[in-house]
Amino acid sequence: MHTSAADHTGGLWFEFWPALFFVAFAVMYLDAAGKSNGRFRKWPVYRSLCWCGGVGSVALGAGGFTAGPIHLGFVAHMTEHMLLGMIAPLLIVMAAPITLALRLLPTQWARRVTHFMNLPLIRILVHPVTAAFLNTGGMWLLYTTPLYEVMHGSSMVYFLVHLHFFLSGYLAAASILYVDPVSHRFSFSFRAVVLILSSAAHSILSKIVYFSPPPGVPVEEAQAGAQLMYYGGDVIEVALITIFCFQWYRAVQVRRRGSNGFSRP
């Protein structure tokens, strides 16, 4: 009986931890935004909404662990993929959490964060090409090798793969949009080329999954998952491209203004 009670308690924790994760991180961010409003210019409401949407997407994606990897079909896996690897990273990048933290941290800690972001390893990771390779290359490795089948036989590999989805997705979005401070900014043209090639690689991979399913995935499930990956990925990439083009347009407008604040003829 004692063992059953412990198992029940552990089961409840395992079932509800994504919701607790969402509440904890949403409250932390909103509290920080409130403190920032008391000291600096008002923090944009849409950034708070992006943060809540981002951590909510992580919680929903991580909720797949409740069912366990064995019970998830390929379509459910692909839904996790989009939540953790595409939707959550884009929303969290748009929430500018590093900028908000730098507003509130003591000067000494803010300098440490800035120093960390200037480390050679971090500069390599946030390079647009490196981030795109980690993000898209990881997906190619998962769906074109036995890794997908191995993942469903090991909870640790399953966890690491999904952690990689989120972190590489965040790096890819952050390296294109530059919402938070970065140590070195690449041109819009360079980032546009990386974005186009990365999007093309994602679309090609979805077609490969459609016609050549990963080991252990039934053909019907693979085709449904590949369609979700292709069309769902397109929607998110259109959102990313729209934000990127708006940033580019705004940067051009700023350059065209003279030092007196008037537009050049």
Side-chain angles (χ1 to χ4, degrees), residues 7 10-23 25-26 52-92 134-173 198-199 201-240:
D7 289 345
L12 285 176
W13 161 250
F14 197 62
E15 184 175 352
F16 288 109
W17 78 262
L20 296 176
F21 166 88
F22 167 74
V23 172
F25 278 84
C52 292
V55 295
S57 298
V58 172
L60 287 174
F65 291 104
T66 302
I70 295 176
H71 303 292
L72 288 178
F74 191 67
V75 175
H77 160 78
M78 196 55 70
T79 303
E80 283 185 342
H81 163 150
M82 295 183 62
L83 285 168
L84 292 173
M86 301 186 78
I87 298 174
L90 177 58
L91 290 173
I92 289 177
L134 289 173
N135 186 33
T136 311
M139 285 186 280
W140 276 76
L141 182 66
L142 178 63
Y143 299 127
T144 61
T145 71
L147 178 59
Y148 182 81
E149 196 171 30
V150 171
M151 177 183 75
H152 285 80
S154 168
S155 296
M156 178 57 70
V157 176
Y158 189 84
F159 170 76
L160 292 175
V161 166
H162 286 73
L163 180 63
H164 175 83
F165 270 158
F166 172 72
L167 294 178
S168 63
Y170 175 82
L171 283 176
S198 178
S199 299
H202 188 270
S203 297
I204 292 171
L205 178 59
S206 65
K207 294 178 180 177
I208 290 176
V209 171
Y210 186 91
F211 291 107
S212 180
V217 178
V219 174
E220 295 78 9
E221 280 193 32
Q223 291 179 344
Q227 288 179 325
L228 177 60
M229 180 180 179
Y230 184 84
Y231 294 110
D234 276 356
V235 171
I236 301 166
E237 285 171 352
V238 165
L240 175 63

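A donor-acceptor contact shorter than 3.5 Å is absent between the side chain of H202 and the backbone of S198.
The structure places NZ of K207 at 12.0 Å from CE of M229, a figure rounded to the nearest 0.5 Å. A distance of 10.5 Å separates CG in L147 from NE2 in H152, rounded to the nearest 0.5 Å. Once rounded to the nearest 0.5 Å, the distance linking CG of L142 with CD of E149 reads 12.0 Å. Annotation: the span from L141 atom CG to T136 atom OG1 amounts to 12.5 Å, rounded to 0.5 Å. Taken to the nearest 0.5 Å, the CG atom of L228 stands 10.5 Å off from the NE2 atom of H77. Separation of atoms CD (E80) and CG (L60) is listed at 10.5 Å; rounding is to 0.5 Å.
Taking the six-membered ring for Trp and the full ring otherwise, the centers of F166 and H162 sit at least 6.0 Å from each other.
The shortest non-hydrogen separation linking G54 to A88 is O-CB, 3.5 Å. Between P215 and Y148, the shortest heavy-atom contact is O-CD2, 4.1 Å. Across V75 and E221, no two heavy atoms sit closer than the pair CG2-O, 4.1 Å. Of all heavy-atom pairs spanning L83 and P89, the tightest one is O-CD, 4.1 Å. Counting all heavy atoms, side chain and backbone alike, A173 lies closest to L90 at CB-CA, 4.4 Å. When all heavy atoms of G53 and L91 are compared, the closest pair comes out as C-CD1, 3.5 Å.
Contact of the M86 side chain with the F165 side chain is not registered, since no non-hydrogen atoms from C-beta on lie closer than 4.5 Å. Put simply, the side chain of P213 does not reach to within 4.5 Å of the side chain of F74, judged on heavy atoms. Considering only heavy atoms from C-beta on, M78 comes within 4.5 Å of Y143 through its side chain. By the 4.5 Å heavy-atom criterion applied to side chains, V58 and F25 are not counted as neighbours.
Around atom OH of Y170, more than 12 heavy atoms belonging to other residues, nucleotides or ligands sit under 6.0 Å away.
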side-chain contact (heavy atoms from CB on, under 4.5 Å) evaluation trace for W140 with I208: CA-CA 10 Å; W140 276 76; I208 290 176; 3.3 Å; yes
Could you give me the CA-CA distance, side-chain angles and deciding distance for T144 and L205, then say whether side-chain contact (heavy atoms from CB on, under 4.5 Å) is met? CA-CA 9 Å; T144 61; L205 178 59; 4.0 Å; yes
For the pair V235 and M82, evaluate side-chain contact (heavy atoms from CB on, under 4.5 Å) and give the outcome as yes or no after the intermediate values. CA-CA 11 Å; V235 171; M82 295 183 62; over 6 Å; no
Does the pair I236 and I87 meet the rule for a side-chain contact (heavy atoms from CB on, under 4.5 Å), with working shown? CA-CA 7 Å; I236 301 166; I87 298 174; 3.4 Å; yes
